[in-house]
Amino acid sequence: MRRFQIIIIGLLLAGCDGRDQIAFDPPAKQTYAECRSLLPLRANQRTLLAWVNGRLFFHQPDANPELGLQLLEATGEVRSTQLTPARVGELLNAPFDRPVLRAIAALSDGRLVAYFNGTSRLKSLSCLVLFDPTSGDIRLIAAPQDLADVSGMGLTIDLADAQLERAETTIWLCLTHTDRSVFLRIDARAVATGDTRVIRAFDSLKTGDETMRALPHDRLSGQQDGSLWLLRPSTGDLWRISRDGQAFASKEIDGRPKLTVSPISLPDATGGSNKLTIQFYAMPDVMTLPTEGPTLSSDGTRYPALLFQTAKDKLLIDRDNIVIRPAFPTYALRFTHWVADPATGDLIAYDAMSGEVFRIVRTRR
């Protein structure tokens, strides 16, 4: 018996001479989206994010109105910055008042434009300031009376919801009431020289010949190519806003869930004029599991999903390939605010369901 086994083994080895050996192709690599936790915050909150020189600036105005801007260092340490309500109150010659930080936008040179509002003794505290995180200097860009006049809102400006977005060389400030919306803008290039005139961008927002208005819960997104996007989370409608106030509707693919965060456009890694657009689709109802099998669309996609798209290619990373720590309810993932890290192409995203801020990294394995 032992002699028979030796003969069989010898015959097998003799057949493995390279030329007649069976070749097995290695399995194709799969692309994953790894969500690496950076910071725990309160869930279901409006969250301001700015990524500047490898550091994350953040604030949740409704959860912590008394706080100023905070900073997550590369080491993981969280500390307060010098952009505080107290210092802005002093800048407005109202040292005992506490305006609330409502919006931020990062400039290309590492400084931040911030919008504060609030009222005190029938006095408006709405203002725009320029903050230098390196030196701690704060400079007033637009005083309350200036913003009240240019917006046409008067004292009601302090009741308006506010968003700040930088779209390449333009800083946009959108102020919205339930019955009106106003778009203001600043030339970001002129901020460095001190010429920071705030102007009314256009009289009204229009779709064709019809007038439309931004709503308080709409979300603006400024892109690196200079475009400005407006997302209406309640319906999933998405528009591109031109500098003269025309809103052009984006055509979404039928059957996909509503967007919960505005798309992000980045220069494509291949270079040239190509750009990479990233979109996120949450499950339609994050509070329940699917009841009719594992898929929620006719193409078999398991949501949530991330779509990476260029003019030539697109890559859809669905729930099976979104990697988070064990036991995390990936099906309930719902990004509502995010920014890009231009140095790496990663995304820094706030998940409203868990309250966590993640770094989203694409990997192949």
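The local environment of CG in Asp209 is sparse, with at most 12 non-hydrogen atoms from other residues, nucleotides or ligands closer than 6.0 Å. Annotation: Asp203, atom CG; neighbour count of heavy atoms from other residues, nucleotides and ligands within 6.0 Å does not exceed 12. Within a 6.0 Å radius of CG in Leu159, more than 12 heavy atoms belonging to other residues, nucleotides or ligands are found. Counting non-hydrogen atoms of neighbouring residues, nucleotides and ligands closer than 6.0 angstrom, the CG atom of Asn93 reaches no more than 12 such neighbours.
Atom CD of Gln145 sits about 9.5 Å away from atom CD1 of Ile157, to the nearest 0.5 Å.
Partner Val129 forms a side-chain contact (heavy atoms from CB on, under 4.5 Å) with one of Leu92, Leu112, Leu83 and no other, that one being Leu83.
A distance-only check finds no donor-acceptor pair linking the side chain of Arg102 to the backbone of Phe116 [under 3.5 Å].
Nearest heavy-atom pair, Arg36 versus Glu34, reported as atom, atom and distance to 0.1 Å: NH2-OE1, 3.1 Å.
Residue Leu128 is not grouped with residue Val88 when hydrophobic side chains (ILVMFWY) are merged at heavy-atom distances under 4.5 angstrom, including chains of intermediate members. Under the 4.5 Å side-chain heavy-atom criterion for grouping Ile, Leu, Val, Met, Phe, Trp and Tyr, Val182 is not connected to Ile241 through any hydrophobic cluster.
Phe57 meets the ring-ring contact (aromatic ring centres under 6.0 Å, His included) test with no other residue; sequence neighbours excluded. For Thr211, the side-chain contact (heavy atoms from CB on, under 4.5 Å) test picks out Ser204, Lys206, with sequence neighbours left out.
Using the six-membered ring where Trp is involved, Tyr303 and Tyr281 have ring planes that are perpendicular, over 60° apart on the 30 and 60° scheme. The aromatic rings of Phe358 and Phe335 stand perpendicular to each other, their planes meeting at an angle above 60°, with 30° marking the opposite boundary.
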